[in-house]
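Note that these values count all heavy atoms, side chains included, but never hydrogens, waters or copies made by symmetry.
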Amino acid sequence: MNNKKAFIFDLDGVIVDTAKYHFLAWQKLAQELGIEFTPEHNEELKGVSRVRSLDIILELGGIQASQEDKNKWLIQKNEDYLSYLVDIDESEILPGVLPVLHYLKDKNQLIALGSASKNARPILEKTGILNLFDAIVDGNDVSNAKPDPEVFLQAAKKLGATNENSIVFEDSVAGVQAANIANMTSIGIGEATTLHEAKYIFKDFTFIDVSFIESLIN
């Protein structure tokens, strides 16, 4: 495995900005329940499971609900979210991501997706980059949410890589913590104030240059 590292990418907020569609779907549901749900509230849902996200929104509105109602709302939210995804294409890929993926591919490095999203595969297909990934671990494969490192441990295992040789790109605090717990190199994509636990932090992929990626490989 000499000189082969495992590069593991989160999906939402790292490769594509599907977070806005989650926000729209949650906001639509919240409005129907008479709850005000703002972009600020949405920050609390970053890297959080669908079930927990609904609980947070219901807490905002002080609403108690039966499990039956919750299940119905979770299905409704996901259907709304998927309806927004119908028209997505490669234009949804965040700036600077493709050059990094192609560079890693050219250098014969291992690439995996490690995401809580249960819709990861269709999103990668629609954006035309599914073929760039050697392994995919998504919300259908794991039972523990980040900061539990399960999703990244599975990805490294699928790639046949050690944790020490794995590098994780994340935009959420929980994701960075998961990478750190797994003893992987954590790279935060976003604001340094939020992601200060990451080993390296970049505002977005346009700030990552070839020499930095090269230093990770060697």
Would you find a donor on one side and an acceptor on the other, under 3.5 Å apart, between the side chain of [X] and the backbone of [Y]?
| X | Y | answer |
| --- | --- | --- |
| K158 | I136 | yes |
| H102 | P99 | no |
| N180 | E197 | yes |
| D17 | G13 | no |
| Q154 | D141 | yes |
| D134 | I111 | yes |
| Q109 | A6 | no |
| E170 | S172 | yes |

Identify the two heavy atoms, one from [X] and one from [Y], that lie closest to each other, and give their separation to 0.1 Å.
| X | Y | answer |
| --- | --- | --- |
| S83 | D80 | OG-O, 2.5 Å |
| S166 | A161 | OG-CB, 4.2 Å |
| G114 | F152 | O-CE2, 3.7 Å |
| A178 | P149 | O-CB, 3.4 Å |
| A135 | L159 | CB-CD2, 3.8 Å |
| L54 | K70 | CD2-O, 3.6 Å |

Does any non-hydrogen side-chain atom of [Y] lie less than 4.5 Å from one of [X]?
| X | Y | value |
| --- | --- | --- |
| K118 | R50 | yes |
| V137 | L113 | no |
| K77 | W26 | yes |
| V16 | L94 | no |
| I129 | I15 | yes |
| K203 | E191 | yes |
| N163 | L153 | yes |

First locate atom [atom1] of [X], then atom [atom2] of [Y], and finally report the distance between them rounded to the nearest 0.5 Å.
| X | Y | atom1 | atom2 | answer |
| --- | --- | --- | --- | --- |
| K126 | D89 | NZ | CG | 9.5 Å |
| T193 | I201 | OG1 | CD1 | 8.5 Å |
| T162 | K5 | OG1 | NZ | 8.5 Å |
| I187 | I8 | CD1 | CD1 | 11.0 Å |
| I93 | T127 | CD1 | OG1 | 4.5 Å |
| F23 | Q27 | CZ | CD | 3.5 Å |

In terms of relative ring orientation, are F9 and F169 parallel, tilted or perpendicular, with 30° and 60° separating the classes?
parallel
[Y] reachable from [X] in the ILVMFWY side-chain graph, under 4.5 Å edges:
| X | Y | answer |
| --- | --- | --- |
| L24 | L11 | yes |
| I217 | F205 | yes |
| Y200 | V173 | no |
| W73 | I35 | yes |
| F133 | V14 | yes |

Would you say that more than 12 heavy atoms from the other residues, nucleotides or ligands in this model lie under 6.0 Å from the [atom1] of [X], or not?
| X | atom1 | result |
| --- | --- | --- |
| K20 | NZ | yes |
| K199 | NZ | no |
| E68 | CD | no |

Starting from the C-alpha separation in whole Å, work towards a yes-or-no answer on side-chain contact (heavy atoms from CB on, under 4.5 Å) for L124 and N131.
CA-CA 9 Å; L124 293 178; N131 63 323; over 6 Å; no
The single option from L101, L104, T185 passing side-chain contact (heavy atoms from CB on, under 4.5 Å) against F7
L104
Salt-bridge test for E125 and R121: reply yes if a basic N is under 4.0 Å from a carboxylate O, no otherwise.
no
Step-by-step side chain to side chain donor-acceptor pair (under 3.5 Å) determination, E32 to Q76
CA-CA 11 Å; E32 286 172 17; Q76 181 187 329; 2.6 Å; yes
Are Y21 and Y81 near enough that their ring centres are under 6.0 Å apart?
no
Cut-off 3.5 Å, side chains only: do S117 and D138 have a donor facing an acceptor?
no
Can you give me every donor-acceptor pair (side chain of residues 57-66, partner residue at least two apart or in another chain, under 3.5 Å) with its distance?
unit_1, atom_1, unit_2, atom_2, d
E59, OE2, R52, NH1, 3.3
S66, OG, D69, N, 3.1

